[in-house]
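Note on naming: letters A, B, ... go to the chains in the order of the sequence lines (proteins, then strands), and numbering restarts at 1 for each one.
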Amino acid sequence: MEVKGGSCRLGLWYVHVWSDGTTIHRIRFSKTGIEGNVPEQVRQYCAGQPVDLTTFPTIAISSDDSVYGQIYKAVREIPYGSTATYGEIALHIGTVPRVVGQAMARNPTPLVIPCHRVVGAKGIGGFSPDIGIKEMLLDMERKTFQKLLVAKKAT
DNA sequence: AACGTACACTTAT
DNA sequence: ATAAGTGTACGTT
């Protein structure tokens, strides 16, 4: 399988996505774009639509049932528009919050594994390369989620 | 109420 | 081998 890269805009940043057409291999954030396309759903998500990227196949999940693998699975259960804390995830699979933080830091495919929805018990937590991305994503999801509710109520 | 520390796991040095 | 990294709960001061 051939892994191809591409990028799309996300606010002030670009999202670089490497995919073989079905499975996402790597996602990272950069201030510069690169040539190439990204999967349709990812582009929609970046455009602010409530797309659920957590069903996307990713190398982060399929590979193993290690602690990191379990953490990534648990994090994928967090619904669009809501959050969980490092401690909650840790408790869920029987480890400590620090390991969860480390797993998030090493997350090969952000967005597909929604690590931005994992926050600290007393604050937002961390995010590389820029905490502003996490804030923006959470803010965007909150707003989009609200719009969904309003639209639903109106029917 | 602020401070220090133990805790658990993986990757990179 | 070992250090260090998106944290948190709990004991001590």
Student: Assign T95(A) to base, sugar-phosphate, or nothing according to its heavy-atom contacts below 4.0 angstrom with the strands shown.
Tutor: sugar-phosphate
Student: List for me each residue that meets side chain to side chain contact (heavy atoms under 4.5 Å, CB included) alongside E35(A), sequence neighbours excluded, and say none if there are none.
Tutor: none
Student: Output all residues satisfying salt bridge (charged side-chain N to carboxylate O under 4.0 Å, His left out) with D20(A), sequence neighbours left out; order by chain, then residue number.
Tutor: none
Student: Contact boundaries of DNA chain B with chain A (under 4.0 Å, heavy atoms), 5' to 3'?
Tutor: dA8(B) to dA12(B)
Student: Identify, with sequence neighbours excluded, every residue that meets side-chain hydrogen bond (donor to acceptor under 3.5 Å, both in side chains) alongside T54(A).
Tutor: D52(A)
Student: Under the rule for ring-ring contact (aromatic ring centres under 6.0 Å, His included), what residues qualify as partners of F56(A), not counting sequence neighbours?
Tutor: none
Student: Given the ring of Y68(A), does R106(A) sit roughly above its face, with NZ or CZ under 6.0 Å from the centre of the six-membered ring and within 45° of the axis?
Tutor: no
Student: Using side chain to side chain contact (heavy atoms under 4.5 Å, CB included) as the criterion, list what pairs up with F29(A), not counting sequence neighbours.
Tutor: L10(A), W13(A), V15(A), P110(A), L111(A), F127(A), P129(A), I133(A)
Student: Would you give a per-nucleotide map of nucleotides 7-13 of chain C, 5' to 3', where B means the base has a protein non-hydrogen atom under 4.0 Å away, S means only the sugar-phosphate does, and - means neither?
Tutor: BS-----
Student: Would you measure the distance from the C1' atom in dT8(C) across to the matching atom in dT11(B) and give it in whole Å?
Tutor: 22 Å
Student: So, using side chain to side chain contact (heavy atoms under 4.5 Å, CB included) as the criterion, who are the partners of P50(A) when residues are at least two apart?
Tutor: Y80(A), T144(A), L148(A)
Student: Who passes salt bridge (charged side-chain N to carboxylate O under 4.0 Å, His left out) against R117(A), sequence neighbours left out?
Tutor: E141(A)
Student: Taking only residues two or more places apart in sequence, or in another chain, which ones meet S128(A) in a side chain to side chain contact (heavy atoms under 4.5 Å, CB included)?
Tutor: none
Student: Dot-bracket for DNA chain C, please, read 5' to 3', with Watson-Crick or G-U wobble pairs under 3.5 Å on both distances, ( ) within the strand, [ ] crossing, | other strand, . unpaired.
Tutor: |||||.|||||||
Student: Output all residues satisfying salt bridge (charged side-chain N to carboxylate O under 4.0 Å, His left out) with R43(A), sequence neighbours left out; order by chain, then residue number.
Tutor: E40(A)
